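Here's the structure we're looking at; comments come further down.
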Number of protein chains: 2
Amino acid sequence: MDGKTKNRAAAAPPPDGARPTLKTIAFMTGLGITTVSRALKDAPDIGAETKERVRLVAKQIGYQPNRAGVRLRTGKTNVISLVLTLEEEIMGITSPMVVGISEILAGTQYHLVVTPYSSTKDPLGPIRYILDTGAADGVIISRTEPHDARVTLMTERRLPFVTHGRTEMGIVHPFHDFDNERFAYEAVRRLTERGRRRLVLLEPPPNLTFHAHMRTGFERGLKDFGAEAVSFHHVNIDHSLVAIRDAFEQLMRSVEAPDGIVSGSGAGAVALIAGIESAGKKVGQDVDMVTKAPSDFLRWLRPEVMTMYEDIRLAGRELAKAVIGHIEGKPPETLQSLSQPEFQRPMSKSRKV
Amino acid sequence: MDGKTKNRAAAAPPPDGARPTLKTIAFMTGLGITTVSRALKDAPDIGAETKERVRLVAKQIGYQPNRAGVRLRTGKTNVISLVLTLEEEIMGITSPMVVGISEILAGTQYHLVVTPYSSTKDPLGPIRYILDTGAADGVIISRTEPHDARVTLMTERRLPFVTHGRTEMGIVHPFHDFDNERFAYEAVRRLTERGRRRLVLLEPPPNLTFHAHMRTGFERGLKDFGAEAVSFHHVNIDHSLVAIRDAFEQLMRSVEAPDGIVSGSGAGAVALIAGIESAGKKVGQDVDMVTKAPSDFLRWLRPEVMTMYEDIRLAGRELAKAVIGHIEGKPPETLQSLSQPEFQRPMSKSRKV
DNA sequence: CATTGCTACTGTATCGTTACAGATTTTGTC
DNA sequence: GACAAAATCTGTAACGATACAGTAGCAATG
């Protein structure tokens with residue numbers, strides 16, 4: 001047993017400015033590098049006392065495994081990729097989402113990498129990139145479609161993922177979603193309670209899954225609470241606010257004008273309000289309105305609008321937990337969650353913002 | 001020259017499902033791995049024709065260097081870290097920022113990693129982490145202070161970075177900033193033009209650099225345009241909207257009530273408006289108001305408020321370009337930029353949103 | 001005492017890349 | 001034609017970690 005071996009780090013004390021590696025610990029404890037590695041993983045073939053010693057030293061010198069080393073050897077990246085459209089930035093759903101995800105990842109070894117793509121181009125692009133380069137251990141996607149090619153691809157290639165929104169392909173996969181059907185249904189209830197009967201829905205773009213959900217809830221509401229739909233399909237929440245406003249102003253001026261509105265997005269609601277007012281009408285008087293609200297602004301500036309808060313930060317947390325669960329091999333059906341709408345009471349002094 | 005060498009990949013044709021490596025190209029071209037590596041880097045000691053051949057094959061098979069390999073060998077991570085407070089999420093400045101950064105990084109090898117920290121804790125935490133683990137090649141920080149320990153640390157340790165906001169430590173470093181002094185000055189001009197004389201400023205928290213900038217511009221404006229300040233220092237834009245509203249309502253009810261307001265944040269402006277209205281007064285009538293607006297909402301819902309759009313997405317782009325420049329060794333003084341306020345005309349139908 | 005089995009530990013090879021120090025061939029010079 | 005100087009190309013080692021196949025020591029077994 002002499003000093004010329006490679007594994008035993010005895011011959012070469014580590015330079016002291018550098019960050020500690022397994023070799024450093026091996027040197028300090030007099031053990032082999034392999035032993036140290038296995039001790040830190042709590043492998044069964046290492047003695048209890050040795051493990052304790054190794055752990056102590058590792059902690060003392062602040063050892064943190066080199067990610068590149070681990071990644072090269074094992075393929076584990078310790079990265080979660082959040083795939084985003086550069087365009088889904090109207091009113092920034094991204095911020096609270098990133099925060100929510102970060103909150104969960106902070107307690108783990110995972111880093112969050114943002115992988116953007118231009119939605120005008122191939123949405124499969126970033127997924128392929130991740131698959132080809134092994135860039136992440138897990139992926140979070142949004143703007144989910146009923147038949148989503150990304151879901152198919154990731155499932156086939158066994159890349160753990162979670163979707164923000166559900167699919168309808170018979171594939172059981174992790175997701176987090178907001179109950180948009182329930183939201184629309186309850187929104188209709190509230191409008192009819194105020195005597196509104198001619199209702200309109202500002203809906204999500206037709207290709208996304210929650211378009212149908214919201215539509216269904218809306219229509220079920222109409223039926224159950226006795227109201228009729230005013231058609232407004234030519235614009236949706238993905239359109240520019242100006243487009244929404246102009247279209248809605250026109251509608252409000254026509255004989256078709258609705259007396260109740262359900263808005264699938266807070267930003268859209270602002271445009272709708274502008275349209276209503278351009279048409280010389282008033283919310284809370286000529287029409288009532290229920291909307292999703294990502295923040296409290298509407299409640300402060302237009303308290304007559306009924307708002308429903310969708311907690312995107314919570315969604316971020318749920319999504320992060322779900323991908324990690326998927327990576328750890330938990331069964332997908334245990335990684336699905338649906339959050340329920342919470343309608344808000346009118347603005348009061350006591351509410352924290 | 002036989003097949004038992006290591007570098008020459010001849011003996012072992014690469015398995016075909018796996019992603020291509022230098023070895024794959026070496027096998028296909030019959031060259032050594034080293035040669036391939038150097039050819040792809042356009043090293044001077046490789047023949048022109050060889051380089052061409054290697055590049056062609058590399059492109060054909062879609063070779064992309066393994067990041068872990070590069071990182072392990074060279075220490076280059078190809079990562080830019082965006083350091084964020086989990087709390088700076090009121091009204092989500094983060095979204096457009098991330099988008100702007102991504103736009104620039106999309107054309108490079110860099111990935112964007114979001115590194116959050118709890119602002120209640122040590123802001124140096126994430127910086128130390130990045131330094132200790134070599135987690136990134138460059139860092140973007142915000143909430144910059146006049147004497148910023150993070151800047152000192154990163155400068156000392158030679159970690160390339162850029163700040164969103166300036167410092168006052170005599171250290172020349174890359175930054176992007178918005179000209180808050182000019183904003184406040186111009187805001188005062190506009191208010192005085194409307195005959196307002198008793199002005200109040202909703203300011204940034206005192207520890208951040210742009211607090212002084214905004215304050216200075218405000219006061220210079222007061223002097224130049226002949227108006228006086230109404231004190232309102234006990235709340236700032238970091239406080240909760242409820243706190244701002246309540247404090248401002250009180251002020252508006254007092255004999256001290258201002259007739260002009262400059263708001264350093266769009267979210268804060270909403271709270272101020274609520275405060276004004278709770279006090280039974282009206283914007284555009286009893287008081288005028290100028291505010292920064294991160295989005296167009298205010299203009300839609302309260303067109304009487306004068307808004308100034310701060311382009312955070314642009315800031316993201318500038319910051320990304322600056323860090324990369326810093327990483328590439330460009331002199332810091334060439335990586336500084338200041339964006340000028342652009343006051344907006346009142347809402348019109350033609351404006352795209 | 002030889003054999004077996006167990007516990008605790010260790011060396012080697014490897015992931016993909018690049019720095020470095022050759023090696024080989026071609027070209028140039030006198 | 002001999003020799004030096006370029007011009008090209010290549011092998012080895014190393015970055016830090018881990019899978020795998022050992023080895024050494026010791027107790028139990030017959």
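Because the structure is predicted, anything quoted here is derived from the model rather than measured.
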Counting N and O atoms only, with roles assigned by atom type, does the side chain of [X] sit under 3.5 Å from a partner on the main chain of [Y], one being a donor and the other an acceptor?
| X | Y | result |
| --- | --- | --- |
| A/Ser81 | A/Val83 | no |
| B/Arg317 | B/Ile104 | no |
| B/Asp137 | B/Lys76 | no |
| A/Thr209 | A/Arg166 | yes |

Query raised in the report: Which pair of non-hydrogen atoms, one from B/Leu22 and one from B/Tyr63, has the smallest distance, and what is that distance?
Result: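 Closest heavy-atom pair between B/Leu22 and B/Tyr63: CD2-OH, 3.4 Å.
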
Report task. Kindly give the heavy-atom pair with the smallest separation between A/Arg150 and A/Arg143, and that separation in Å. Result -> NH2-O, 3.0 Å

Interatomic distance, [X] [atom1] vs [N] [atom2] [rounded to whole Å]:
| X | N | atom1 | atom2 | value |
| --- | --- | --- | --- | --- |
| B/Ile46 | C/dT18 | CD1 | C1' | 13 Å |
| A/Lys23 | C/dT10 | NZ | P | 16 Å |
| A/Leu31 | D/dA24 | CG | P | 18 Å |
| B/Leu72 | C/dC15 | CG | P | 13 Å |
| B/Asn78 | C/dT17 | CG | P | 13 Å |
| A/Arg67 | D/dC15 | CZ | C1' | 17 Å |
| B/Arg19 | C/dT17 | CZ | P | 7 Å |
| B/Asp42 | D/dT8 | CG | P | 13 Å |

Considering only nitrogen or oxygen atoms on both sides, find all protein atoms under 3.5 Å from nucleotides 18-22 of chain D and state each distance.
{"from": "D/dT18", "atom 1": "OP1", "to": "A/Lys41", "atom 2": "NZ", "distance (Å)": "2.5"}
{"from": "D/dT18", "atom 1": "OP2", "to": "A/Ser37", "atom 2": "OG", "distance (Å)": "2.7"}
{"from": "D/dT18", "atom 1": "O2", "to": "A/Arg73", "atom 2": "NH1", "distance (Å)": "2.3"}

Report task. Taking atom types as modelled, find out whether A/His173 and A/Thr155 have a side-chain donor-acceptor pair closer than 3.5 angstrom. Result ->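 No - no donor-acceptor pair under 3.5 Å links their side chains.
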
Report task. Examine the side chains of A/Thr144 and A/Thr167 and answer whether a donor and an acceptor come within less than 3.5 Å of each other. Result -> no

Query raised in the report: What nucleic acid atoms does B/Thr35 come within less than 4.0 Å of, heavy atoms only: base, sugar-phosphate, or nothing?
Result: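 Here B/Thr35 touches the bases of the nucleic acid.
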
Report task. For the helix from C/dC1-D/dG30 to C/dC30-D/dG1, measure the angle between the helix axis at one end and the axis at the other, each built from five pairs, rounding to 10°. Result -> 60°

Please tabulate, for the side chains in residues 51-62 of chain B, all donor-acceptor contacts under 3.5 angstrom to protein atoms that are two or more places apart in sequence or on a different chain.
{"from": "B/Lys51", "atom 1": "NZ", "to": "B/Asp42", "atom 2": "OD1", "distance (Å)": "2.9"}
{"from": "B/Lys51", "atom 1": "NZ", "to": "B/Ala43", "atom 2": "O", "distance (Å)": "2.9"}
{"from": "B/Arg53", "atom 1": "NH2", "to": "B/Thr29", "atom 2": "O", "distance (Å)": "2.6"}

